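Note that ligands are numbered from 1 as they come in the structure, with each ligand's atoms numbered from 1 the same way. Keep in mind that the numbers below use all heavy atoms, side chains included, and drop hydrogens, waters and symmetry copies. All values derive from a computational prediction rather than experimental measurement.
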Amino acid sequence: MSTSTPILPSTTVTPPPAEPSAMGGRAAKSSFGAESTMSLLVDSLKDRLLFAVPKKGRLMEKTLELLAGADIKYNRAHRLDVALVQNHPIALVFLPAADIPRFVALGSVALGITGQDVISESTHAEQIVELLQLGFGKCSLQVQVPVTGPIQTLEGLSGGRIATSFEVLAAELFNGPNGVDAKSNSNKKTKIEYVGGSVEAACALGMADGIVDLVESGDTMRAAGLHAIHTLMKSEAVLITSKEPHSTLTPELKSLIHLIKSRFAGVLAAKKYVYASYNVERKNLDKALKITPGRRAATVSPLETEGWVAVSSMVERKEVAKTMDELEKSGAEDILIFALDNCRVGI
Ligand SMILES: Nc1ncnc2c1ncn2[C@@H]1O[C@H](COP(=O)(O)OP(=O)(O)OP(=O)(O)O)[C@@H](O)[C@H]1O
Ligand SMILES: O=P(O)(O)OC[C@H]1O[C@H](OP(=O)(O)OP(=O)(O)O)[C@H](O)[C@@H]1O
């Protein structure tokens, strides 16, 4: 995780005050291009909803896909971290995922996409509302130790050294009032050391007894000869806003927050569900509806053929083969599955 503090045009996006950089974050740098391009942007941002999105890393690609699916069109000039949306009064602000919670919490931008892990690490969680879980960037924050090492428990790590990019969460776990150190009753204080990346190397290099880092597939952890002994939290990407009412936003801009949320929910639902349609004899309808209950309820329409009905229902994509097998067994016929391009569903 990086903790850089990008500098944005102060008349438009006010950068929140930098947090004391005990974490050894990267030096602040201006992400803006030529002065002339920036001054053109300054005026354009005034009447726009500012939306922070990850500028790099694991969350960037899926976020851009989501924006495209929601028909949020923009042009991003080379090296410029602000892009004006063409078809809505929105400006995208490209920031490191780890910086987004602070910008959102302090109201410098109205909306953001980032990971739940960096929200908790940022210490701004209390000021942030999660509007929507986005279903990507899924991972777990775990304590890991060498598989063949002498320490295999959290208690065993007490008083030792932990390398991590998540020093707030790691300190809470080990040094907190109900933390591992307090429970071990030994007056030992575990040392939490910040590492910006490639955290898994720390144990092999002899600089830590254990690490706290993200795990998804587990490949990186296993390659480094580590295994997990504790999970601090599970995380995924989320759409967030500030708990503070957006008093400086016009009603039009405020309504865009809801619009973006429902468009995203539609794109996610279209990925998650397919549309199933089939015919079934009325005597077998109850059985079939148990297999395809739908999100709210299935639609059942009478057919011209006496005693038969047509059913349509949304079905989870990952269950579709099993659902079709079961429908066939229940007597359903003419089972058709349609992919959804997009949809609007209750959120
Ligand atoms: N292996 C992973 N699988 C899924 N999601 C991940 C994974 N690693 C990180 N994430 C998610 O992506 C977010 C950004 O992580 P990433 O390492 O890409 O950050 P970054 O912005 O590129 O910062 P850095 O330059 O410090 O690596 C994390 O906070 C987490 O929510
Ligand atoms: O369980 P896995 O699927 O192997 O993923 C875990 C790795 O992904 C993240 O790092 P990333 O690759 O983003 O780079 P970094 O180490 O520079 O942060 C995380 O810090 C782990 O190293």
Checklist entry - By number and element, which atoms of ligand 2 are closer than 4.0 Å to a non-hydrogen atom of S217? => result 1 (O), 2 (P), 3 (O), 4 (O)
Checklist entry - Side chain or backbone of D213 under 4.0 Å from ligand 2, or both, or neither, by non-hydrogen atoms? => result side chain
Next on the checklist: Whether the Y278 and T292 side chains hold a donor-acceptor pair (N or O, under 3.5 Å, no angle test) is what I'd like checked.
Outcome noted: yes
Checklist entry - Is it the side chain, the backbone, both or neither of C139 that has a heavy atom closer than 4.0 Å to ligand 1? => result side chain
Checklist entry - Any N or O of G218 that comes nearer than 3.5 Å to an N or O of ligand 2? => result yes
Next on the checklist: Please determine whether a side-chain nitrogen of the Lys or Arg among E319 and K322 lies less than 4.0 Å from a carboxylate oxygen of the Asp or Glu.
Outcome noted: yes
Checklist entry - What atoms of ligand 1 come closer than 4.0 angstrom to any heavy atom of G115? => result 31 (O)
Item to check | V309 vs N279 side-chain heavy atoms within contact, under 4.5 Å | outcome: no
Checklist entry - Out of curiosity, is G197 lining ligand 1, as in a heavy atom under 4.0 Å away? => result no
Next on the checklist: Hydrogens and angles aside, do Q144 and H230 bring a side-chain donor and acceptor to less than 3.5 Å of each other?
Outcome noted: no
Item to check | Per-atom contacts of ligand 2 with V215, taking only distances under 4.0 Å to non-hydrogen atoms | outcome: 1 (O)
Checklist outcome for this item: Within the 4.0 Å heavy-atom cut-off, what K138 brings close to ligand 1 is backbone
Next on the checklist: With heavy-atom distances below 4.0 Å as the criterion, list the atoms of ligand 2 near T220.
Outcome noted: 2 (P), 4 (O), 5 (O), 6 (C), 7 (C), 22 (O)
Item to check | CA sep, side-chain torsions, deciding dist, call: Y275, S312, side-chain hydrogen bond (donor to acceptor under 3.5 Å, both in side chains) | outcome: CA-CA 7 Å; Y275 189 76; S312 50; 3.0 Å; yes
Checklist entry - For ligand 1, which atoms, with element, lie under 4.0 Å from some heavy atom of V118? => result 29 (O)
Item to check | Atoms in ligand 1 with a heavy atom of G57 nearer than 4.0 Å | outcome: 18 (O), 22 (O)
Item to check | Which of the ligand 1 atoms, numbered from 1, are nearer than 4.0 Å to a heavy atom of L59 | outcome: 11 (C), 12 (O), 13 (C)
Checklist entry - Do R76's NZ or CZ and the ring of F94 fall within the cation-pi criteria of under 6.0 Å and 45°? => result yes
Checklist entry - Between D181 and K188, is there a salt bridge with N-O shorter than 4.0 Å? => result no
Checklist entry - Which ligand 1 atoms, with their elements, are less than 4.0 angstrom from a heavy-atom of E216? => result 1 (N), 2 (C), 3 (N)
Item to check | Geometric N/O contact Q116 with ligand 1, under 3.5 angstrom | outcome: no
Checklist entry - So D81 and V93, side-chain contact (heavy atoms from CB on, under 4.5 Å) or not? Walk me through it. => result CA-CA 6 Å; D81 283 341; V93 185; 5.7 Å; no
Checklist entry - In ligand 2, which numbered atoms sit nearer than 4.0 Å to a non-hydrogen atom of E200? => result 21 (C), 22 (O)
Next on the checklist: Quick one about S184 and E155 (side-chain donor to acceptor, distance below 3.5 Å, no hydrogens or angles considered), yes or no?
Outcome noted: no
Checklist entry - Mind checking whether L239 and E130 have side chains closer than 4.5 Å, heavy atoms only? => result no
Checklist outcome for this item: Note: R58, heavy atoms under 4.0 Å from ligand 2, region reported as side chain
